[in-house]
Amino acid sequence: MITLALSKGRIFEETLPLLAKAGIVPLEEPEKSRKLIIATNRPDVRIIIVRATDVPTYVQHGAADLGVAGKDVLIEHSGAGLYQPIDLNIAKCRLCVAVKEGFDYQTAVKHGARLRVATKYVESAREHFARRGVHVDLIKLYGSMELAPLVGLADAIVDLVSTGATLKANKLVEVEDICEISSRLVVNQAALKMKYETLQPIIDVFAQAVEA
Ligand code: PRT
Ligand code: MG
């Protein structure tokens, strides 16, 4: 049995066409069903539905053989013990620094001000500000970072942006780009050895689909 870990929403939706190319079709939609284990048309392949941030953990421990996770999630998780053969180029966005409209970020940085930065992406943020030589106090949040500068919890946030609509709706502006984000295929290294004959063809099809 091959177990694939996916999160609901954009990752599931954008992985579906790749799975189809490998001849794998889920028998249920996670948005409609409450099931956490979803069978596929292939009796030897099943999909487990987990939180996006939990995908690397399931794969690392071998509870899933492979999974799809955002680079943002993999940076925070460290990705230890995970084989990451392919950038699937899906669920694309970017990680950036944003502040409240009217907050002069560049001047604050130039004057060496200590900034309070709220984020879910503590590792990425720490590395970014260290590289830039900006002094920060990081405040860990688990969601809706956009709120923090509006109510005085933080001067800035580090968050993912795709269309920019969420920033705009909350009167925030992007002041610095950190990196481009897309989702990767992650594979349990032991599983790849033990189940090579079933796993490798799936990985190959994904790779070909991304190149095409
Ligand atoms: O949503 P939930 O709390 O259940 O979990 P999650 O946010 O960890 O998962 P999910 O499914 O929302 O995101 C899974 C992966 O999709 C992330 O790990 C990213 O790699 C990728 N991705 C791509 C995004 C976005 N685009 C994105 N826009 N993840 C989140 N967002 C959020 C962003 O944080 C911000 O709040 O969408 C909002 C901004 O969107 P725009 O379009 O208004 O700019
Ligand atoms: Mg989300």
Side-chain angles (χ1 to χ4, degrees), residues 4-19 26 28-38 47-60 64 66-80 82 84-101 117-128 138-151 153-187 206 210:
L4 168 67
L6 294 177
S7 53
K8 289 204 245 207
R10 67 192 106 217
I11 288 190
F12 186 88
E13 299 304 327
E14 296 187 35
T15 304
L16 275 182
L18 299 173
L19 285 174
E28 271 176 291
E29 292 174 46
E31 303 292 350
K32 291 190 185 151
S33 145
R34 287 179 171 270
K35 280 192 194 156
L36 299 173
I37 301 181
I38 295 185
I47 297 171
I48 60 171
I49 303 299
V50 304
R51 280 297 289 267
T53 42
D54 290 334
V55 167
T57 307
Y58 278 86
V59 176
Q60 182 179 35
L66 69 177
V68 176
K71 187 183 161 198
D72 50 316
V73 166
L74 292 166
I75 293 171
E76 296 302 312
H77 184 268
S78 91
L82 295 175
Q84 297 180 32
I86 312 167
D87 179 349
L88 298 173
N89 218 15
I90 60 170
K92 286 166 79 168
C93 56
R94 53 188 202 282
L95 191 64
C96 74
V97 183
V99 300
K100 206 159 87 173
E101 273 175 21
V117 178
T119 188
K120 184 169 153 186
Y121 309 100
V122 175
E123 294 308 321
S124 305
R126 197 191 317 284
E127 195 199 305
H128 171 74
L138 295 175
I139 300 167
K140 168 84 183 185
L141 288 180
Y142 293 87
S144 301
M145 272 77 84
E146 293 90 352
L147 181 63
L150 306 180
V151 294
L153 178 64
D155 304 306
I157 60 170
V158 165
D159 196 7
L160 299 175
V161 178
S162 47
T163 62
T166 308
L167 290 183
K168 199 164 173 213
N170 292 292
K171 296 191 162 52
L172 300 173
V173 287
E174 194 178 330
V175 288
E176 233 163 41
D177 238 341
I178 300 181
C179 62
E180 299 292 318
I181 299 286
S182 54
S183 285
R184 318 280 162 121
L185 185 68
V186 292
V187 184
F206 273 48
V210 172

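What you see is a predicted model, and the numbers here were worked out from it, not measured in a lab. Just so you know, ligand 1 is whichever comes first in the structure, and atom 1 is the first atom listed for that ligand.
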Within a distance under 4.0 Å of any heavy atom of Val73, pick out the atoms of ligand 1 and give their elements.
18 (O)
Which atoms of ligand 1 have any heavy atom of Ala52 under 4.0 Å away?
8 (O), 9 (O), 14 (C)
Within the structure, does Thr53 bring an N/O atom to less than 3.5 angstrom of an N/O atom in ligand 1?
no
Are Glu13 and Arg10 close enough for a salt bridge, meaning some N to O gap below 4.0 Å?
no
Atom indices of ligand 1, in the order listed, that fall short of 4.0 Å to a heavy atom of Gly70
20 (O)
Below 3.5 angstrom, do we get any N/O pair linking Thr166 and ligand 1?
yes
Checking the N or O distance criterion of under 3.5 Å, is ligand 1 in contact with Arg10?
yes
Heavy-atom neighbours of Phe12 CZ exceed 12 at 6.0 Å:
yes
Looking at Thr163, which atoms of ligand 1 are within less than 4.0 Å of one of its heavy atoms?
41 (P), 42 (O), 43 (O), 44 (O)
Full working for side chain to side chain donor-acceptor pair (under 3.5 Å) between Ser182 and Asn89:
CA-CA 5 Å; Ser182 54; Asn89 218 15; 4.7 Å; no
Heavy atom under 4.0 Å from ligand 1: found in Lys120's side chain, backbone, both, or neither?
side chain
Taking only heavy atoms of Ala165, which atoms of ligand 1 are found under 4.0 Å from at least one of them?
43 (O), 44 (O)
What do you reckon, does Cys93 have a nitrogen or oxygen under 3.5 Å from a nitrogen or oxygen of ligand 1?
no
Should the proximity of Lys71 to ligand 1, defined as any heavy atom under 4.0 Å, be assigned to the side chain, the backbone, both, or neither?
neither
Are side-chain heavy atoms of Val186 and Pro56 found at a separation under 4.5 Å?
no
Identify whether the distance between the nearest side-chain nitrogen and carboxylate oxygen of Lys92 and Glu180 falls below 4.0 Å.
no
Mode of Ile181 contact toward ligand 1 - side chain, backbone, both, neither (heavy atoms, under 4.0 Å)
side chain
What I'd like to find out is whether the side chain of Leu74 reaches to under 4.5 Å of the side chain of Gln84, using heavy atoms alone.
yes
So that I can tick it off, tell me whether Asp177 and Arg94 are bridged by a salt bridge, with the cut-off set at under 4.0 angstrom between side-chain N and carboxylate O.
yes
Can you list the atoms of ligand 1 that are under 4.0 Å from a heavy atom of Asp72?
17 (C), 18 (O), 19 (C), 20 (O)
I need the atoms of ligand 1 closer than 4.0 Å to a non-hydrogen atom of Val161, numbered in the order shown.
44 (O)
Ligand 1 atoms nearer than 4.0 angstrom to some heavy atom of Lys8 are 11 (O)
Does the N or O separation between Tyr121 and ligand 1 drop below 3.5 Å for any pair?
no
May I ask whether Gly164 places a heavy atom under 4.0 Å from ligand 1?
yes
Do Ser124 and Val122 make a side-chain contact, defined as non-hydrogen atoms from C-beta onward lying under 4.5 Å apart?
no
Does atom NZ (Lys140) have a neighbourhood of more than 12 heavy atoms from anything else shown, all under 6.0 Å?
yes
Residue part near ligand 1, for Met145, under 4.0 Å between non-hydrogen atoms:
neither
Side-chain touch Arg184/Lys71, heavy atoms, less than 4.5 angstrom:
yes
Close side-chain approach of Val59 to Leu66, heavy-atom, < 4.5 Å:
no
